[in-house]
Protein chains: 2
Amino acid sequence: MTAADRVYQIIKQRILNGWYTAGSYVREAAIGEELDYSRTPIREALRRLVSDGWVEAIPHHGARVVGWTQQDVEEVFELRVLLEPQVVRRAAKRIHESQLGRLNDLANQMEALCQRSDEEAVDQIALLNNQFHAELVAAAESPRLQRLLETIVQVPVSRRSFHHYTREELLSSMQHHREIIRALILQEGEWAAAIMRAHILAARTAQMRQNKHGNCSNAARSAVR
Amino acid sequence: MTAADRVYQIIKQRILNGWYTAGSYVREAAIGEELDYSRTPIREALRRLVSDGWVEAIPHHGARVVGWTQQDVEEVFELRVLLEPQVVRRAAKRIHESQLGRLNDLANQMEALCQRSDEEAVDQIALLNNQFHAELVAAAESPRLQRLLETIVQVPVSRRSFHHYTREELLSSMQHHREIIRALILQEGEWAAAIMRAHILAARTAQMRQNKHGNCSNAARSAVR
DNA sequence: TCGAGCCTAGTTGCATACAACTTTTTAAAA
DNA sequence: TTTTAAAAAGTTGTATGCAACTAGGCTCGA
């Protein structure tokens with residue numbers, strides 16, 4: 001792993017954590033001195049963050065952390081509603097036994113955690129949920145589709161995911177997972193796609209309700225699948 | 001415009017032209033010496049090309065130009081069939097008079113060129129067609145959707161577009177343009193989306209027929225909208 | 001007091017030298 | 001002859017110094 005890779009992940013994590021707030025500039029020299037790297041790997045990391053859409057480059061003036069508006073969140077969900085069903089549509093034709101097994105394990109673990117309802121359990125569920133979606137994307141076997149979703153969704157591995165859900169919504173979400181698995185076993189791509197569409201629209205509703213009340217900029221990024 | 005920008009465009013153009021063939025390595029020192037730049041802007045250009053999906057970075061070994069398989073082309077069309085209808089679905093709610101006017105102009109010019117059927121006319125049509133789609137994407141007012149399509153479609157400004165079409169297909173394609181405009185005027189997003197879907201599927205058919213016969217690697221990139 | 005032009009501070013953009021890593025070649029030993 | 005290890009060549013990765021550019025403040029003039 002190169003220095004640029006490390007710097008990339010550090011800066012990205014800091015943006016997610018709110019260390020760098022939206023609109024602030026990330027100075028090459030400053031962070032370079034702090035992390036004890038030269039400006040070269042910092043520059044490369046920033047350029048990658050620019051092409052990932054985390055920061056925007058102002059020519060000759062630096063890299064500014066982008067802010068998220070309600071409209072941005074809407075846009076992301078609009079695209080996910082298209083792309084994530086396509087993931088399972090493809091996966092239905094291609095998925096292997098072993099992958100179905102892992103999906104089942106993940107669903108079991110998530111449901112077990114649903115009994116509890118403390119903060120930590122919710123964080124755990126969010127983590128497992130991300131793995132669930134990652135497994136589906138892998139089963140879809142489309143590098144481009146994977147790339148598009150990765151650049152769009154930008155889920156932090158960290159917190160906040162699933163916290164907007166009511167208990168009812170949470171249980172419903174678990175049902176979706178089960179039903180998607182059943183559809184995939186039967187290789188019913190359209191069925192799986194329909195459920196996934198509902199799954200995303202439900203997430204969208206929960207997210208929107210939250211954003212209407214509270215702050216937007218950071219909550220936006222914790223958009224949950 | 002910075003040096004890195006220039007180098008980026010030059011390398012990209014060379015990949016499109018076939019100057020750099022698939023699988024070959026683009027050496028930083030070599031091209032730097034040739035274009036009389038230092039390795040720094042070359043590196044930056046290459047990194048951008050990597051994140052655009054034109055080349056792949058092999059750690060400590062360089063940037064290799066990616067090749068296109070039939071499967072890659074399939075993947076691209078599969079995504080365009082999802083995303084391009086979404087473009088007009090959004091555009092129907094947002095498009096302005098002036099944009100509709102420009103779309104109409106473009107359609108007129110393309111149809112005029114359809115009378116002729118020499119090579120140059122076909123090239124011209126391809127160019128205008130790209131402008132047509134760009135105008136639609138602009139009207140959709142979704143930066144993310146725009147970015148996704150730009151990274152996926154990768155149409156070279158150059159040649160080969162529309163050359164796979166039979167005369168019948170070409171005329172049909174012109175009809176699609178007209179019908180999309182009509183639907184947009186009436187703000188009928190779903191109608192416009194349906195035509196666009198057919199438009200892309202038709203392009204896919206023409207492209208696939210071509211790839212079955214001839215070479216793939218470069219023809220693939222000339223995928224026409 | 002207001003405005004225009006200039007200047008200075010600060011930042012990014014680029015060039016170059018060196019370090020690290022990977023691959024290939026070559027030579028020696030089995 | 002084959003295998004293995006070492007070294008040598010070539011490439012990318014990083015550090016650093018200088019150049020170019022931008023923004024904000026300051027001075028000078030109206």
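Throughout, protein chains are lettered first and strands after them, A, B, ... in sequence-line order, and every chain is numbered starting at 1.
Within a 6.0 Å radius of CG in B:D36, no more than 12 heavy atoms belonging to other residues, nucleotides or ligands are found.
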**Prompt:** Can you give one letter per nucleotide of nucleotides 12-17 of chain C, 5' to 3': B if a protein heavy atom sits under 4.0 Å from the base, S if only from the sugar-phosphate, - if neither?
**Reply:** BBSBB-
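The CD atom of B:E33 sits 14 Å away from the P atom of D:dG10 (whole-angstrom rounding). As rounded to whole Å, 13 Å separates atom P of D:dT22 from atom OH of A:Y25.
Within the structure, side-chain hydrogen bond (donor to acceptor under 3.5 Å, both in side chains) pairs that include any residue of residues 85-96 of chain B comprise A:E78-B:Q86, A:E78-B:R90, B:Q86-B:R89, B:R89-B:E190 (at least two apart or interchain).
Using modelled atom types, one finds no donor on one side chain facing an acceptor on the other under 3.5 Å when comparing A:H199 with A:E84.
Every residue meeting the salt bridge (Lys or Arg N to Asp or Glu O under 4.0 Å) condition with A:R14, not counting sequence neighbours, appears here in chain and number order: A:E34.
Residues A:D5 and A:R48 are paired through a salt bridge, judged by an N-O separation under 4.0 Å between the basic side chain and the carboxylate.
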